[in-house]
Visitor: 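Next up is a structure, given as C-alpha cells.
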Amino acid sequence: MNISELYGEWLEKATGDPDLIEELKKISLDENEIYERFYKELEFGTAGLRGIIGAGTNRMNIYTVGRATQGLSDFLNSRYKNPSIAIGYDSRIKSEYFAREAAKILAANSIKVYLFRELEPTPCLSYAVRKYGTSSGIILTASHNPAKYNGYKCYDSNGYQMTDAEADEVYSFIQKVDYFNDIKTTDFDKAVENGMIVYIGDETIEAFLDEVQKQCVNPGICKKADLCVIYTPLNGTGNKPVRKMLNRIGVEKLYVVPEQELPDGNFPTCPFPNPEIRQAFECALKMTDTIKADILLATDPDCDRVGIAVLDKNGEYVLMSGNEVGAIMLHYLLSQKKEKGLLPENAVAVKSFVSTDLAEEIAKKYGCEFKNLLTGFKYIGELITELEKNGRADDFIMGFEESYGYLAGTHARDKDAVVGSMLICEMAAYYKTLGKTLADVMQDLYSEFGYYSNTVKSYEFEGAAGMEKMKKIMDNLRSAPPAELAGMEVICIGDYKKGVFLDTKSNRESKTGLPESNVLSYKLSGGNGLIIRPSGTEPKIKAYITAVGKNKADALALSEKLTAAANKFTEV
C-alpha cells in the first residue's frame, strides 16, 4: 500500500482506541503529518520498539504494540512447549493500557502471563523473569525520553534484553502479522479467572529488595552518619521501592520532592525526565533552601538510571556525571571489600566501552579483571550469566554505563537504580564519617590517576530526513576517516560494524571480538579519543569524547578541541 492507502485503512479500522481516530481526522489535510506517521514501520530491535505515541505504523499505539506482541507470541510458541512471560510497565501515558492489551494477546496465544499489579522499575521485571522462570519479558517504557514517547522492551529467559539474533528472529515473525486481521486477543478478566494471567504480588518486590540489600558492604553506616537525602522519582516508578530500600538501610532523613513524587506520564515539572541533566534536579535544588541535604537523588521514570548532586565543601550542590559515579562506586566496592577480606580472588568488573577508562585504572590497582563491552546493558547481562554458568557469580563486582546505569549483584540482568541509589547513599554516608563528600573523593581519584574529562554530545535528527542525515554522516566517516583530531594523530580506528581495529601506523587490522554494531572509534595518544555512534533508541547521533590531562584545566581545554571536531562531523 502507498501512504494514502495506509492512512485510509487506519482511519477505517483503527477503532479500538478513539484517540487514534480523532488524531487521524485532525491531520486529514496535512500531507506531511500523514507522511511522518506512515512512511515507515517502527522497527523491532534489541531495544524492542520505541516511538512517539499516536496513530500510524510509525507510532506507539495498540496496533503496533499488538502486532509486536502477536509476533512475539508466534516466536515463543515456535521455540517453547509451554511458554510464559512476565510483563511490567512504568508511569508513561498508556503504559498500563498497552501492558494489559499485550497480556490479553499473549493469553489468547496460550502463553501464561505474570503481570505486575502496579507500575514497577525495569530491574524488577528483569528479576521477575528469572524468579518465575519465564521464557521472556516485556516492559512498557521509554526510559528517560520526553512525555510524547513510549516503548516496548523485550527480555529473554535470562532476564536481559534480547540479543541481536533473537530480536531479528522475533522481528521476522512480527513482519508476517497484519495490524488489523491477525492479532488474537481475549477478555482480560476471563484470562485472570482461568489462570492465563497471574498478578505478581508484593512478595516478589520484597524479595527483589532483599537481593538488593545484600549488596550493602557497610550496614548501618547511613544511620551512623546521620545522612540527609532529597529524592525525586521524577513522577516515575522509583517512588515506592527506592524509599523502601533507603528506609531499610537506615536513611532516616529522607525528603521526597512533592511535585515529582506521584506517577504522572506528562512530567509536568520536568519535560525531560532524565537524571543526566540539571533540569531534572531543579525542584530538588529548591528544597535545599530549607533542607541542607548531603545528597540529591533522581531516578528516571522506569528507575533503571540514577543521577546525583552532592554538597561540596563550599556549600554548593554539584552534579556528578555517570562516569564519575561509576568510578567512585567501583573504587568504593573494591576498596571496602578488600579491607574486609571480601574481595574475590578472581573479581570481575565491566563497563560499556564508551564509559570512562578511569574505571579500568582503578580496577588494576585492586587486581580486578576488567571488561569493556558494547553499549547496551544486555552485554553486561550476558557476561553475568556466563559467570553464573561457570560458578563464578560471586566474582562479579559491578557493571556500569556512562548514561547513569549501574548494577551490583546478580539479582537482575539490567541496570538498576534501586541498588544504585542504595550504594550511592551508603558511599556518601561512609565518606561523610571520614569528613569527605563524594566530590572530594572524586578529586582524590583524579589526583591519583589523572584527570579524565568524559563528555557526551548528542545531535538530534528528527523525522525521515533526520534518519537519512544520520546514515550519511556515518557513511562519510567510513569513506573518509580522519587522520588527526584536535591536532593529534589518529593511531587506531575501530569500526565495530566491520568488527575490526585498524592500526594506522602499521596499517594492520585486528578483530574487536565484539558483536557487530554501528560504531566508529578514534584512538589518540595519551588515552584520548572519540567514539561516534547512532543511538539505538532515539533519533540521535552521540559523540563520546575522552580527554586526559594532568589537571582539570588541561583536560577541559583538550575536550573543547575534540568537541569541535565532533561538531564538524555532524554538519551534513
Side-chain angles (χ1 to χ4, degrees), residues 276-278 318-327 351-362 372-375 400-404 442-443 445-447 449-461 469-470 472-497 500-505 512 517-535 538 540-572:
E276 298 179 51
I277 61 176
R278 190 173 184 85
V318 294
L319 270 63
M320 300 192 73
S321 72
N323 278 315
E324 289 178 323
V325 173
K351 68 177 180 66
S352 62
F353 72 128
V354 299
S355 302
T356 182
D357 292 332
L358 174 58
E360 193 164 358
E361 297 303 311
I362 292 168
N372 282 288
L373 303 177
L374 289 177
T375 300
F400 79 96
E401 293 185 326
E402 52 74 36
S403 53
Y404 294 60
M442 195 67 240
Q443 290 308 312
L445 292 176
Y446 285 144
S447 296
F449 296 102
Y451 195 97
Y452 283 70
S453 172
N454 296 97
T455 305
V456 183
K457 289 282 290 181
S458 292
Y459 307 90
E460 295 193 13
F461 302 92
K469 195 176 236 187
M470 288 168 64
K472 189 174 181 181
I473 288 167
M474 298 304 289
D475 288 345
N476 288 348
L477 285 170
R478 284 193 168 90
S479 61
E484 61 86 25
L485 292 170
M488 293 179 287
E489 183 183 3
V490 175
I491 59 178
C492 181
I493 298 173
D495 188 335
Y496 292 82
K497 194 171 186 179
V500 296
F501 291 121
L502 173 66
D503 185 312
T504 58
K505 290 186 177 180
T512 63
S517 185
N518 188 17
V519 180
L520 293 167
S521 69
Y522 306 98
K523 185 178 180 181
L524 313 169
S525 60
N528 301 295
L530 174 65
I531 296 173
I532 304 283
R533 63 177 282 267
S535 171
E538 302 170 276
K540 295 178 180 179
I541 281 182
K542 293 187 176 182
Y544 301 83
I545 297 143
T546 299
V548 185
K550 292 181 180 179
N551 54 50
K552 183 176 182 178
D554 288 345
L556 292 182
L558 181 54
S559 180
E560 284 186 13
K561 292 179 181 178
L562 288 169
T563 299
N567 292 343
K568 287 183 179 179
F569 290 157
T570 58
E571 295 171 358
V572 177

Visitor: Do K561 and M488 make a side-chain contact, defined as non-hydrogen atoms from C-beta onward lying under 4.5 Å apart?
Guide: no

Visitor: Run E276 and S403 through side chain to side chain contact (heavy atoms under 4.5 Å, CB included) and show every step you take.
Guide: CA-CA 7 Å; E276 298 179 51; S403 53; 3.9 Å; yes

Visitor: How far apart are the closest heavy atoms of L562 and G529, and which atoms are they?
Guide: CD1-O, 4.2 Å

Visitor: Run the numbers on K457 and T570 for side chain to side chain contact (heavy atoms under 4.5 Å, CB included), then give the verdict.
Guide: CA-CA 11 Å; K457 289 282 290 181; T570 58; over 6 Å; no

Visitor: Contact between L524 and V490 at the side-chain level, heavy atoms closer than 4.5 Å - yes or no?
Guide: yes

Visitor: Would you name the heavy atoms of F569 and P482 that are closest together and state the gap between them?
Guide: CZ-CG, 3.7 Å

Visitor: Quick one: closest heavy-atom pair of L520 and M474, and the distance?
Guide: CD1-CE, 3.9 Å

Visitor: About how many Å separate CG of D495 and OH of Y522, when rounded to the nearest 0.5 Å?
Guide: 8.0 Å

Visitor: For residues G549 and A555, report the shortest heavy-atom separation together with the two atoms involved.
Guide: N-CB, 3.8 Å

Visitor: Quick one: CZ on R533 to CE on M470, what's the gap to the nearest 0.5 Å?
Guide: 9.5 Å

Visitor: Starting at CG of L445, measure out to CD of E361 and round the result to the nearest 0.5 Å.
Guide: 12.0 Å

Visitor: Let me know which of D357, L373, N323 forms a side-chain contact (heavy atoms from CB on, under 4.5 Å) with K351.
Guide: D357

Visitor: Minimum heavy-atom separation for E324 and Y446, please, with both atom names.
Guide: OE2-OH, 3.0 Å

Visitor: Report yes if the side chains of Y404 and S321 come closer than 4.5 Å at any heavy-atom pair, otherwise no.
Guide: yes

Visitor: Heavy atoms only: give me the nearest E401-T375 pair and the separation to one decimal.
Guide: OE2-C, 3.8 Å

Visitor: Might you work through the side chain to side chain contact (heavy atoms under 4.5 Å, CB included) test for Y496 and F353, ending with a clear yes or no?
Guide: CA-CA 11 Å; Y496 292 82; F353 72 128; 3.4 Å; yes

Visitor: For the pair L358 and M442, evaluate side chain to side chain contact (heavy atoms under 4.5 Å, CB included) and give the outcome as yes or no after the intermediate values.
Guide: CA-CA 11 Å; L358 174 58; M442 195 67 240; 3.6 Å; yes

Visitor: Should we say atom NZ of K523 is surrounded by more than 12 heavy atoms from elsewhere, each under 6.0 Å from it?
Guide: no

Visitor: Please check this pair: side chain of N476 against backbone of I473, looking for a donor-acceptor N/O pair closer than 3.5 Å.
Guide: no

Visitor: Can you measure from OG (S453) to CD (E560) and round to the nearest 0.5 angstrom?
Guide: 9.0 Å

Visitor: In Å, rounded to the nearest 0.5 Å, how long is the span from OG1 of T455 to CG of L556?
Guide: 7.5 Å

Visitor: Would you give the length of the straight line joining atom CD of E460 to atom NZ of K540, rounded to the nearest 0.5 angstrom?
Guide: 5.0 Å

Visitor: For residues Y451 and D554, determine if any side-chain heavy atom of one lies less than 4.5 Å from a side-chain heavy atom of the other.
Guide: no

